[in-house]
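Read the structure below first, then the notes.
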Number of protein chains: 2
Amino acid sequence: MEHYKVGEIAEKIGVNIETLRYYEKIKIMPKPKRMESRYRIYDELDLKRLLFIKRAKELGFTLKEIKELLNIKIESTATCGDVKHLAENKLTDIEERIKDLKSIKNVLVKLVNQCVCEELSTDECPILEVIDPKTKSLKGGDTI
Amino acid sequence: MEHYKVGEIAEKIGVNIETLRYYEKIKIMPKPKRMESRYRIYDELDLKRLLFIKRAKELGFTLKEIKELLNIKIESTATCGDVKHLAENKLTDIEERIKDLKSIKNVLVKLVNQCVCEELSTDECPILEVIDPKTKSLKGGDTI
DNA sequence: ATAATATCAGTAGTAGAGTACGGAGTCAAG
DNA sequence: CTTGACTCCGTACTCTACTACTGATATTAT
């Protein structure tokens with residue numbers, strides 16, 4: 001099994017070393033094993049976890065939410081049904097994100113293909129039409 | 001045309017009044033018209049813009065990026081070709097977001113349908129497999 | 001007309017997510 | 001066996017995106 005020192009893994013995923021210590025502190029990353037010198041050692045699983053965290057952040061999840069996503073299966077206190085229920089909520093959230101991103105994408109596609117930029121009055125920005133006002137905010141609902 | 005006072009529109013979209021003043025300050029929202037009393041007045045277009053900002057934020061865009069998205073068509077200094085080029089980059093970014101969200105979605109669907117939570121060892125978290133490490137980070141590229 | 005409520009502008013404070021700094025211990029090359 | 005690079009830990013600082021507070025006007029309800 002590959003293993004890395006903190007500087008190596010930081011380099012590999014493109015984050016600051018301090019970020020790794022920070023993730024450890026807020027418990028989104030587990031405490032890594034240590035060498036005799038107390039240097040941290042990371043493995044492939046840590047690498048995967050960090051890549052997931054990085055991308056999920058870019059996709060708009062908070063570290064708190066990412067922690068929940070990563071812990072979905074470990075919640076041994078919850079019944080399988082509970083976990084299922086919560087996973088379903090995350091799923092709904094993600095489906096809505098995909099839907100809205102697709103709407104934005106469509107507008108950009110039109111913009112790129114037709115190059116309509118000159119033809120639009122300053123007042124009508126096509127991108128404003130993509131969000132359906134009927135979509136209610138789901139904030140404050142269930143969390144996993 | 002409908003119009004709203006700051007408190008009304010804040011209520012309508014579910015943000016703090018101060019947030020509206022903040023958005024005005026950082027110029028992501030235009031300066032609104034005023035009543036004789038100097039009270040701000042917002043209209044339907046402002047409402048749409050604010051809904052877009054709110055949702056785009058939830059989708060992981062920064063206010064800076066959202067500003068760029070909203071200004072894509074107004075950049076009259078840029079040639080149509082430039083705008084097109086930049087819109088294409090945004091498009092690529094969004095397509096990748098959709099792709100990765102779909103991967104996460106698939107894992108959650110499996111989780112929900114098969115309720116595999118009990119069957120997995122603590123070590124193997126299915127969600128960690130969704131991000132393809134070959135995907136390079138595109139940070140620092142073009143911005144609009 | 002007057003109390004309660006809303007808005008004004010400016011400034012200060014907060015939460016989340018890092019990022020930097022400093023002095024000490026560790027390792028690897030010359 | 002020392003010099004330079006790496007890592008350790010704790011603490012302090014930064015940046016983004018708000019959020020709160022204040023004392024002064026403005027509007028609205030009774």
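The chains referred to below are lettered A, B, ... by the order of the sequence lines, with proteins before strands, and numbering in each begins at 1. Here the structure is a predicted model, which means the values were calculated and not measured.
In this structure, the CD1 atom of B/Ile17 is 11 Å from the C1' atom of C/dT5, given to the nearest Å. Rounded to whole Å, atom C1' of C/dT26 lies 11 Å from atom CD of A/Glu36. Distance, A/Arg34 CZ to C/dG25 P: 16 Å, rounded to whole Å.
Using a 4.5 Å cut-off on side-chain heavy atoms (C-beta onward), B/Asp100 and B/Ile104 make no contact.
Residues of residues 5-13 of chain A that place a heavy atom closer than 4.0 Å to DNA chain C do not occur.
Contact between B/Ile66 and B/Ile53 at its shortest, heavy atoms only, is CD1-O, 3.7 Å. In plain terms, the two heavy atoms of B/Arg97 and B/Leu59 that are nearest each other are NH1-O, 3.1 Å.
With sequence neighbours excluded, the residues forming a side chain to side chain contact (heavy atoms under 4.5 Å, CB included) with A/Leu20 are A/Val6, A/Ile9, A/Ala10, A/Ile13, A/Val15, A/Tyr42, A/Leu50, listed by chain and number. Not counting sequence neighbours, B/Glu18 has no partner by the side-chain hydrogen bond (donor to acceptor under 3.5 Å, both in side chains) test. With sequence neighbours left out, the side chain to side chain contact (heavy atoms under 4.5 Å, CB included) criterion links B/Asp43 to B/Met1, B/Leu45, B/Asp46. By the side-chain hydrogen bond (donor to acceptor under 3.5 Å, both in side chains) test, B/Glu95 is found to be paired with no residue, residues two or more places apart in sequence or in another chain being considered.
Contacts classified as salt bridge (Lys or Arg N to Asp or Glu O under 4.0 Å) and involving residues 6-15 of chain B (residues at least two apart or in different chains) are not found.
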Can you list, pair by pair, the side-chain donor-acceptor contacts under 3.5 Å of residues 22-40 of chain B, counting residues two or more places apart and other chains?
residue, atom, partner, partner atom, Å
B/Glu24, OE1, B/Arg40, NE, 2.7
B/Arg34, NH1, B/Arg38, O, 2.6

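Dashed line: the shortest gap from a side-chain N or O of B/Arg38 to OP1 or OP2 of C/dT7 is not under 4.0 Å.
Bracketed by its first and final contacts, the part of DNA chain D lying under 4.0 Å from non-hydrogen atoms of chain B reaches from D/dA17 to D/dT27 in 5' to 3' order.
The backbone N or O of A/Asp93 sits nowhere less than 3.5 Å from a side-chain atom of A/Glu96 that would complete a donor-acceptor pair.
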In the 5'-to-3' direction, what one-character label does each nucleotide of nucleotides 14-21 of chain C receive under the scheme B = base within less than 4.0 Å of a protein heavy atom, S = sugar-phosphate only, - = no such atom? ---BBBBB
